Amino acid sequence: MSRLGTETAFEVLAKARALEAKGRDIVHLEIGEPDFDTPPSIVAAGVAALERGETHYTPSAGVIELREAIAAYLRARRGVSVDPAQVIVTPGAKPVMFYALLALLDNGDEAIYPDPGFPIYSSMIHFSGARGVPLPLRERNDFQPDLDELRRLVTDRTKVLVLNSPNNPTGAVLSLDAIREIARIARERDLWVLTDEIYGELVYDGEHRSIAREEGMSERTILLDGFSKTFAMTGWRLGYGVFPKPLVDPVTKLVTNSVSCTATFVQRAGAAALSTRPPEVDRMVAEFRTRRDAIVKGLGAVPGVSCRSPHGAFYVFPNITALGLRNSADAADRILDEAGVATLAGTCFGSEGEGYLRLSYANSLPNLEKAVSRIADWASRLAPLPTGR
Ligand SMILES: Cc1ncc(COP(=O)(O)O)c(C=O)c1O
């Protein structure tokens, strides 16, 4: 158990709620979930399934209609050719990390993961007994991986490479050149690739492209995606993995051993979400883009803060080194305590996150404006930096 990490967002949320219980007004920019409710047509499909009496177990990998709908959706929207038999439905997308990394990694193996990156990758890699090898994503490289560095990090023990595009926390979208080169490295060095595409529909500039489309990649790629972000369904817990054929039986066995199956009515709601793709989805994406532009502009005007415009997901990752604070964790604590804005330290996502904060803009425009103006006021009260810095 000592090898298992966690997701700090839930701890910060608890701390923010404790301050609220004492009467403080807090703007929540720490947690990564859409503030929109699930589109009503999806809710109705879940309710209808319950009313029809769909209250029983399903096969562990999911109902065939949903697996087919997922395969059709991925083909239509992402150009990825998928056999429904390769799709395993899970309660949320997170378990796909859990199952895939448990299935693939042994003691002594190595797995490369993005830093900064979603904290559960390194947590699960370490939990499996493997060694986690961070792949730095640096602002000066637009948070794209340095591919020469990636080549150097691959050893004879490297078994898995984790990708996440659009990336949490930086919002960076992998370039096509990077995807092609990463695919070449994976083929040459015989790596499995776990590609986390949960933000694949939330792209504002450029295009999301799955590495699963590259030649020779479908047999070594596990594609992770889900309904939490695109369809505002975090609380339903619905995700899936597309697995190369040899992994389907072992991973299905892990599902049987752990959860038996994903809730039946939730699967039915998911099938309706994919087959109808309600118009609310595009409206949410448009709203996220407006919010992104507003928060990037607002934070960019705060002296000591610089904020790139991320191309996807719903996070900004401003650089706060020029504020001259001790570290990112101290900055996030002080912004919560002194300004009433809950954010996450960049280091919640790995050591390369030092000097940054992660703010989720899955919150209303008025709340984002309030947060930015509180941070600006707070920053203006900080002691001036010594000259020469
Ligand atoms: C990069 C990334 N992958 C996966 C997940 C998990 O999504 P789910 O709620 O479907 O388990 C998240 C949630 O924040 C995420 O940020």
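We use all heavy atoms of the structure for the numbers below, so side chains are in, but hydrogens, waters and symmetry mates are not. Every number for a ligand or one of its atoms is a count from 1 in the order of the listing. Note that this is a predicted model, so its numbers are computed, not measured. The first residue of the sequence shown is numbered 1, and numbering continues consecutively from there.
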query = Considering only heavy atoms from C-beta outward, does the side chain of V203 approach that of P166 to under 4.5 Å?
reply = yes
inquiry  = At under 4.0 Å between heavy atoms, is it the side chain or the backbone of Y121 that contacts ligand 1, or both, or neither?
reply    = side chain
request  = Quick one: look at M97 and ligand 1, take heavy-atom pairs under 4.0 Å, and tell me if it's side chain, backbone, both or neither.
outcome  = side chain
key: Parallel, tilted or perpendicular, as decided by the 30° and 60° cut-offs, for the rings of Y199 and Y315   = perpendicular
ask   = What orientation do F127 and F98 show, parallel under 30°, tilted 30 to 60°, or perpendicular over 60°?
value = tilted
Show me, pair by pair, the donor-acceptor contacts under 3.5 angstrom made by side chains of residues 102-113, not counting sequence neighbours?
from, atom 1, to, atom 2, distance (Å)
D109, OD2, D106, N, 2.7
D109, OD2, K159, NZ, 3.2
E110, OE1, T155, OG1, 2.9

request  = Please identify which atoms of ligand 1 are closer than 4.0 Å to at least one heavy atom of N168.
outcome  = 1 (C), 16 (O)
Test side-chain hydrogen bond (donor to acceptor under 3.5 Å, both in side chains) applied to S328 and E354, step by step = CA-CA 6 Å; S328 298; E354 185 53 86; 2.8 Å; yes
note = Short version for A93: what comes under 4.0 Å of ligand 1, heavy atoms counted, is both
request  = Could you tell me whether some N/O pair between Y315 and ligand 1 is separated by less than 3.5 angstrom?
outcome  = no
inquiry  = Which residue and atom name correspond to the protein heavy atom nearest atom 7 (O) of ligand 1, and how close is it?
reply    = I198 CD1, 3.7 Å
task = Tell me which one of A313, P114, S228 gets a heavy atom nearest to atom 8 (P) of ligand 1.
result = S228
query = In the protein, which heavy atom is nearest to atom 12 (C) of ligand 1, and how far is it?
reply = F118 CZ, 3.6 Å
request  = Looking only at protein heavy atoms, identify the closest one to atom 3 (N) of ligand 1 and say how far it is in Å.
outcome  = D196 OD2, 2.6 Å
ask   = Does the side chain of R138 reach to within under 4.5 Å of the side chain of E352, using non-hydrogen atoms?
value = yes
request  = For G92, counting its heavy atoms only, list the atoms of ligand 1 lying under 4.0 Å from any of them.
outcome  = 10 (O), 11 (O)
note = The remaining residues in the hydrophobic cluster of I31, counting side-chain heavy-atom contacts under 4.5 Å among Ile, Leu, Val, Met, Phe, Trp and Tyr, are F10, L13
query = Hey, are the side chains of D205 and R292 touching, using non-hydrogen atoms and a 4.5 Å cut-off?
reply = yes
task = Enumerate the atoms of ligand 1 whose separation from the nearest heavy atom of K94 is less than 4.0 angstrom.
result = 11 (O)
ask   = Can you tell me the protein heavy atom closest to atom 13 (C) of ligand 1 and the distance?
value = K229 NZ, 2.9 Å
ask   = Does G226 come within less than 4.0 angstrom of ligand 1, counting non-hydrogen atoms of the residue?
value = no
ask   = At under 4.0 Å between heavy atoms, which part of I120 makes contact with ligand 1: side chain, backbone, both or neither?
value = neither
task = Can you establish whether the number of heavy atoms outside R151 located under 6.0 Å from its atom CZ is more than 12?
result = yes
query = Who's the nearest protein heavy-atom neighbour of atom 11 (O) of ligand 1, and how far?
reply = R237 NH2, 2.8 Å
query = Using a heavy-atom cut-off of under 4.0 Å, does the side chain or the backbone of Y199 touch ligand 1, or both, or neither?
reply = side chain
inquiry  = Ring-plane angle category for Y361 and F288, please: parallel below 30°, perpendicular beyond 60°, tilted otherwise.
reply    = perpendicular
F231 side chain near F36 side chain, heavy-atom distance below 4.5 Å = no
query = Looking only at heavy atoms of N164, does any of them come nearer than 4.0 Å to an atom of ligand 1?
reply = yes
